[in-house]
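Read the structure below first, then the notes.
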Amino acid sequence: MAVSQETPIQEYDAIIIGAGMSGLYQLYRLRELGMRVHVLEAGTGVGGTWYWNRYPGARFDSESYSYSYSFSKELLDEWNWSEHFASQPETLRYIDYVADKFDLCRDIRFRSRVAAAHYDDRTRSWETTLEDGTCFRSRFLITAIGPLSAPTMPRIDGVDSFQGQSCHTARWPHEPVSFEGKRVAVIGTGATGVQTIQEVAKTAGHLMVFQRTPNWCAPLHNSKIDAETMARIKANYPQMFQRCQETFACFLHTPDPRGTFEVTPEEREAFFEKLYAEPGFGIWQGNFRDILTDPKANDAITAFVAGKIRQRVQDPAVAEKLIPKNHGFGTRRVPLETKYYEVYNQPNVQLVDIRETPIERITPAGIRTSGAEYDFDIIIYATGFDAITGSFDRIDFRGAGGVKLKDAWAHGPRTWLGVMVQGFPNMMMLMGPHTALGNIPRSIEYNVDWVTGLLRHARDHGLTRLEATEAGVESWTSHVRSLGVGLLSNEVNSWMTGVNTNVEGKQTRIIARYSGSAPAYRARCDEVAAQGYRELALA
Ligand code: NAP
């Protein structure tokens with residue numbers, strides 16, 4: 001990495017990589033500690049996920065108010081959501097509002113993509129280098145780079161040869177794109193593809209969906225929030241956030257205590273119907289307690305949702321193609337939809353099953369499968385992310401003695417509490433591997449507050465080197481692995497198990513996520529703090 005000779009290294013107490021929801025809140029908290037903090041952000045604005053994912057139809061699929069920051073009562077009182085599940089533009093406006101309110105941008109350097117971060121044990125500090133060679137030195141390095149932020153293009157021949165407009169959903173242009181009368185292809189049918197497809201289908205002249213694996217989608221049931229409802233939501237904020245603290249994954253929904261077969265078939269059917277008719281993730285997160293652990297229970301909800309797809313899609317052959325055959329309901333992230341299945345009843349929409357007729361190449365005019373050649377004006381790649389560890393792999397992180405993080409994690413991530421890595425002193429990860437993800441902003445606030453507590457401890461005790469121990473990492477990593485045993489989602493390929501066919505070396509499943517409960521995670525981290533962080537090597 002060429003370090004610019006003219007520009008002196010800029011010194012800070014802490015460098016934060018990323019100005020998404022976690023980086024912004026960490027900046028706010030470290031300022032309170034009186035630290036000199038600088039945030040390095042690749043984009044031209046704040047927002048992270050909500051800055052990059054501006055594809056058509058992008059919106060929250062958790063209740064917006066449960067996904068906002070909770071740390072400032074004033075902010076909660078001031079902000080009004082217009083819909084229960086807000087669109088991306090509204091969500092980005094919210095994050096911009098937060099950044100303005102707390103005057104955060106003055107400590108953020110935009111258009112600054114980090115290429116490398118190397119630890120120097122002589123100075124007990126990190127040297128972080130941008131792609132343009134600009135270099136920063138800081139005692140502490142905090143990664144706020146997101147679990148779903150490294151987009152992946154498909155490995156298909158000819159991707160660069162297409163003469164029309166093409167774009168990955170997570171790199172969508174800032175200018176509006178019109179689909180009116182256009183021939184549009186969408187590759188990918190995950191949560192992003194589903195939102196994109198149902199929006200593009202409204203105006204496209206002809207939309208072709210290239211589906212490799214169908215997913216089990218469920219209705220979002222979004223609606224507007226009027227002034228009276230917003231006032232009620234605000235009055236209920238303390239109780240709502242308290243509930244999020246108590247549920248398994250910090251969502252408003254939490255598993256029903258009953259087992260699937262502890263009720264009569266009629267009660268079971270009625271419960272599934274009720275959940276299918278309700279907004280949000282209830283059908284996934286608030287279902288019978290055993291649907292994600294007992295294969296027979298999972299079969300029951302799977303059969304129910306398959307029946308719904310058959311009812312909603314007019315052509316039985318198309319319906320069968322939309323019904324997943326290789327995984328049960330909820331074992332991959334459930335995309336929430338608004339009339340997604342009905343899209344396939346429209347005359348301007350066609351589904352191509354690329355397991356039957358694989359894509360052979362992208363041509364200058366469009367897409368060639370083993371069955372036919374299609375011409376397009378626009379190709380949309382909704383092909384997902386190199387998840388959880390991908391954003392780490394894209395930066396050259398080196399710890400003490402020059403050890404590469406990528407090598408240290410060659411067989412899957414190894415962390416202490418999902419926050420620190422042995423051999424990488426003074427580096428803390430927000431929403432890194434092995435943390436409780438769930439309702440992400442709730443997890444972010446806890447994660448950031450915990451890291452802030454650790455740095456306060458370091459300041460108060462004059463500590464300049466904080467490092468996870470090998471024993472601590474081994475113990476946490478094996479704990480996380482043991483929590484994954486028996487979970488049906490860990491027996492399925494998806495971003496949640498670290499599988500990405502578009503990335504070299506990521507074809508085998510790993511345990512990258514902490515799958516215990518958020519309250520248990522917090523209890524463990526609180527215990528560490530209460531005992532003076534003595535599980536760390538402190539100096
Ligand atoms: P994803 O779930 O990984 O889906 C990627 C899609 O692209 C899959 O259908 C995949 O097929 C397909 N694909 C990948 N490579 C391909 C190739 N070479 N050829 C053909 N098809 C290919 O990614 P995502 O939809 O972007 O969603 C990722 C996560 O982001 C979600 O699960 C969710 O957690 C989050 N998200 C949240 C929201 C929200 O809250 N509003 C919205 C969107 C996304 P296979 O399944 O066969 O690999």
Item checked: Side-chain donor-acceptor contact under 3.5 Å, D96 with Y94 -> no
Check: How about K73: does its NZ atom have over 12 heavy atoms from other parts shown lying under 6.0 Å from it?
Finding: no
Next item on the list: Could you please spell out the steps behind the salt bridge (Lys or Arg N to Asp or Glu O under 4.0 Å) verdict for E127 and R398?
Entry: CA-CA 10 Å; E127 278 190 17; R398 296 196 196 180; over 6 Å; no
Side-chain donor-acceptor pairs under 3.5 Å in residues 235-244, sequence neighbours left out?
from: Q242; atom 1: NE2; to: E246; atom 2: OE2; distance (Å): 2.8
from: R243; atom 1: NE; to: L252; atom 2: O; distance (Å): 2.8
from: R243; atom 1: NH2; to: L252; atom 2: O; distance (Å): 2.8

Check: Below 6.0 angstrom between ring centroids: does that apply to W126 and F140?
Finding: no
Next item on the list: Please confirm whether the backbone N or O of S489 pairs with a side-chain atom of H327, one donor and one acceptor, at under 3.5 Å?
Entry: no
Next item on the list: Please step through salt bridge (Lys or Arg N to Asp or Glu O under 4.0 Å) for the pair D107 and R31, ending with a clear verdict.
Entry: CA-CA 10 Å; D107 287 323; R31 264 191 199 166; 2.8 Å; yes
Check: Does R332 offer a backbone N or O that forms a donor-acceptor pair with the side chain of S494 under 3.5 Å?
Finding: no
Check: Less than 4.5 Å apart, any side-chain heavy atom of V421 and any of F397?
Finding: no
Check: With a cut-off of 6.0 Å (strictly less than), are more than 12 heavy atoms of other residues, nucleotides or ligands near CZ of R111?
Finding: no
Next item on the list: May I ask you to test the I17-I142 pair for a side-chain heavy-atom distance under 4.5 Å?
Entry: no
Notebook entry, point to check: Ignoring hydrogens and geometry, is there a side-chain-to-backbone donor-acceptor pair from T143 to I145 under 3.5 Å?
Noted result: no
Notebook entry, point to check: Taking the side chain from T477 and the backbone from P413, do they hold a donor-acceptor pair closer than 3.5 Å?
Noted result: no
Margin query: Are F71 and Y25 an aromatic pair, judged by ring center distance below 6.0 Å?
Written below: yes
Item checked: Verdict with reasoning, T169 to I380, per side chain to side chain contact (heavy atoms under 4.5 Å, CB included) -> CA-CA 7 Å; T169 44; I380 301 175; 3.8 Å; yes
Item checked: No-hydrogen, no-angle side-chain donor-acceptor test under 3.5 Å, Y51 and T44 -> yes
Item checked: Student check: side-chain heavy atoms of R509 and N490 closer than 4.5 Å -> no
Check: If only atom types and distance count, is the side chain of N447 paired as donor or acceptor with the main-chain N or O of M431 below 3.5 Å?
Finding: yes
Notebook entry, point to check: Going through the checks in order, is the salt bridge (Lys or Arg N to Asp or Glu O under 4.0 Å) test met by D100 and R93?
Noted result: CA-CA 10 Å; D100 286 347; R93 273 200 302 280; over 6 Å; no
Next item on the list: Decide if atom CD of Q531 counts as having more than 12 heavy atoms of other residues, nucleotides or ligands within a radius under 6.0 Å.
Entry: yes
Margin query: Would you say the rings of F385 and W495 are close, in the sense that their centroids are separated by under 6.0 Å?
Written below: no
Check: Could you walk me through whether R29 and D449 pass the side chain to side chain contact (heavy atoms under 4.5 Å, CB included) check?
Finding: CA-CA 8 Å; R29 280 289 182 230; D449 287 344; 3.1 Å; yes
Checklist line | Test item: L430 and V451 side chains (from C-beta on) under 4.5 Å apart, heavy atoms | finding: yes
Checklist line | Any donor-acceptor pair under 3.5 Å from H461 side chain to L463 backbone | finding: no
Check: Is it true that F60 and F85 have ring centroids separated by less than 6.0 Å?
Finding: no
Checklist line | Qualifying residue, where the test is side chain to side chain donor-acceptor pair (under 3.5 Å) with D393 and the options are K506, K406, K404 | finding: K506
Notebook entry, point to check: Taking it one step at a time, do R124 and D121 satisfy salt bridge (Lys or Arg N to Asp or Glu O under 4.0 Å)?
Noted result: CA-CA 5 Å; R124 297 187 172 183; D121 227 351; 5.2 Å; no
Next item on the list: Determine, using ring centers only, whether W172 and Y55 are less than 6.0 Å apart.
Entry: no
Next item on the list: Give a yes-or-no answer on whether the side chains of E474 and H479 include a donor-acceptor pair shorter than 3.5 Å.
Entry: no
Check: Are any non-hydrogen side-chain atoms of Y119 and R465 less than 4.5 angstrom apart?
Finding: yes
Next item on the list: Look at the side chain of S166 and the backbone N and O of I379, then say whether any donor-acceptor pair between them is shorter than 3.5 Å.
Entry: no
Item checked: Any donor-acceptor N/O pair, R513 side chain to H434 backbone, under 3.5 Å -> no
Item checked: Check: E467 side chain, G423 main-chain N or O, donor-acceptor pair, under 3.5 Å -> yes
Item checked: Salt bridge D77-K234, side-chain N to carboxylate O under 4.0 Å -> no
Notebook entry, point to check: Hey, do the aromatic rings of W476 and Y514 have their centres closer than 6.0 Å?
Noted result: yes
Next item on the list: Go through F281 and H253 one step at a time and tell me if the ring-ring contact (aromatic ring centres under 6.0 Å, His included) criterion holds.
Entry: CA-CA 7 Å; F281 276 137; H253 315 275; 7.4 Å; no
Next item on the list: Step through it carefully: locate the ring centre of H38, locate the ring centre of Y12, and say whether they are under 6.0 Å apart.
Entry: yes
Next item on the list: May I ask you to check whether E445 and S70 show a side-chain donor-acceptor distance below 3.5 Å?
Entry: yes
Checklist line | Any side-chain donor near an acceptor of the partner, E90 and S82, under 3.5 Å | finding: yes
Item checked: Sub-4.5 Å side-chain heavy-atom contact between T129 and V114 -> no
Next item on the list: Assess the pair W50 and Y67: is the distance between their ring centroids shorter than 6.0 Å?
Entry: no
Margin query: Would you say that P433 contacts W409 through its side chain, given a criterion of any heavy-atom pair below 4.5 Å between the two side chains?
Written below: yes
Margin query: Test side chain to side chain contact (heavy atoms under 4.5 Å, CB included) on R139 and N426; report intermediate values, then the result.
Written below: CA-CA 7 Å; R139 168 122 304 138; N426 295 353; 4.0 Å; yes
Checklist line | Separation of T134 OG1 from L40 CG (nearest 0.5 Å) | finding: 9.5 Å
Margin query: Any salt bridge linking R36 with E11? Criterion: basic side-chain nitrogen under 4.0 Å from a carboxylate oxygen.
Written below: no
Note to self: Please check if the number of heavy atoms outside H411 that lie under 6.0 Å from its NE2 is greater than 12.
What the structure shows: no
Notebook entry, point to check: Under the side chain to side chain donor-acceptor pair (under 3.5 Å) test, which residues partner S478, sequence neighbours left out?
Noted result: none
Margin query: As an exercise, state the distance from OG of S64 to CZ of R59, rounded to the nearest 0.5 Å.
Written below: 8.5 Å
Checklist line | Derivation of the side chain to side chain contact (heavy atoms under 4.5 Å, CB included) call for D132 and R113 | finding: CA-CA 8 Å; D132 69 5; R113 186 171 288 283; over 6 Å; no
Note to self: Looking only at the side chains, is there a donor atom on one of Q26 and T452 sitting less than 3.5 Å from an acceptor on the other?
What the structure shows: yes
Check: Is the closest side-chain heavy-atom distance between L454 and L466 below 4.5 Å?
Finding: yes
Notebook entry, point to check: Have H84 and Y65 got a donor and an acceptor in their side chains that come within less than 3.5 Å?
Noted result: yes
Check: So, H118 versus D396: side-chain donor-acceptor pair below 3.5 Å or not?
Finding: yes
Margin query: Between T192 and A382 (side chain of the first, backbone of the second, donor and acceptor by atom type, cut-off under 3.5 Å), is there such a pair?
Written below: no
Next item on the list: First locate atom SG of C250, then atom CD1 of I444, and finally report the distance between them rounded to the nearest 0.5 Å.
Entry: 11.5 Å
